[in-house]
Amino acid sequence: CTDNLPHTHITAMQNDKGEIVDIYLPRKCSATNQLIGSKDHASVQINVAKIDNKGRAIPGEFHTYAFCGAVRQQGEVDDSLNRLTQDDKITTKVF
């Protein structure tokens with residue numbers, strides 16, 4: 001080009017089928033229900049395996065819990081995880 005104007009090229013993430021997809025999926029903190037920002041590098045996601053009647057983990061099946069950095073900084077993740085797993089009937093009488 002000879003017009004000396006800046007040109008921008010917009011690129012999008014595409015999957016193998018050519019469909020436009022977004023790579024960032026925001027998560028919500030399981031303890032506070034607040035959105036976890038993309039720059040919250042202290043946040044964690046914990047997968048707890050679902051188990052069968054014999055007490056063995058079922059491959060590929062799990063409960064997912066996400067915790068923001070603020071909850072981790074306060075040291076509340078263990079209590080929150082215990083409460084959430086009790087609510088989901090995974091554990092009983094942890095306290």
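Since this is a predicted model, take the numbers as computed values, not measurements.
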Please list, one pair per line, the donor and acceptor atoms closer than 3.5 Å that link side chains of residues 65-76 to other protein atoms, with sequence neighbours excluded.
residue, atom, partner, partner atom, Å
Tyr65, OH, Asp88, OD2, 2.6
Arg72, NH1, Ala42, O, 2.5

Residues Asn82, Thr91; criterion side-chain contact (heavy atoms from CB on, under 4.5 Å); working and verdict: CA-CA 8 Å; Asn82 286 337; Thr91 58; 5.7 Å; no
Inter- and intrachain pairs under salt bridge (Lys or Arg N to Asp or Glu O under 4.0 Å), touching residues 32-53, at least two apart: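 Residue pairs passing salt bridge (Lys or Arg N to Asp or Glu O under 4.0 Å), neighbours aside: Asp52-Arg56.
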Audit row: Thr92, Gln86, side-chain contact (heavy atoms from CB on, under 4.5 Å) steps and yes/no: CA-CA 6 Å; Thr92 56; Gln86 284 181 5; 6.0 Å; no
Considering residues at least two apart in sequence or located in another chain, which fulfil the side chain to side chain donor-acceptor pair (under 3.5 Å) criterion with [X]?
X     : result
Ser30 : none
Thr64 : Asn47
Thr32 : none
Asp16 : none

Cluster companions of Ile51 among Ile, Leu, Val, Met, Phe, Trp, Tyr (side-chain spacing under 4.5 Å):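 None; Ile51 is a cluster of one.
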Connected hydrophobic set around Leu35, excluding itself, where side chains approach under 4.5 Å: none
Same cluster (ILVMFWY, side-chain, under 4.5 Å), Val77 and Val48: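 Yes, same cluster.
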Same apolar cluster: Leu81 and Phe62, side chain cutoff 4.5 Å: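 Leu81 does not cluster with Phe62.
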Residues forming a side-chain contact (heavy atoms from CB on, under 4.5 Å) with Asn15, sequence neighbours excluded: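 Asn15 satisfies side-chain contact (heavy atoms from CB on, under 4.5 Å) with Lys17, Glu19, Val21 once adjacent residues are dropped.
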From NE2 (His63) to OG1 (Thr85), nearest 0.5 Å: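 It comes to 9.5 Å.
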Pairwise distance CD(Gln14) to CD1(Ile20) - rounded to 0.5 angstrom: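 Rounded to the nearest 0.5 Å, the CD-CD1 separation comes out at 5.5 Å.
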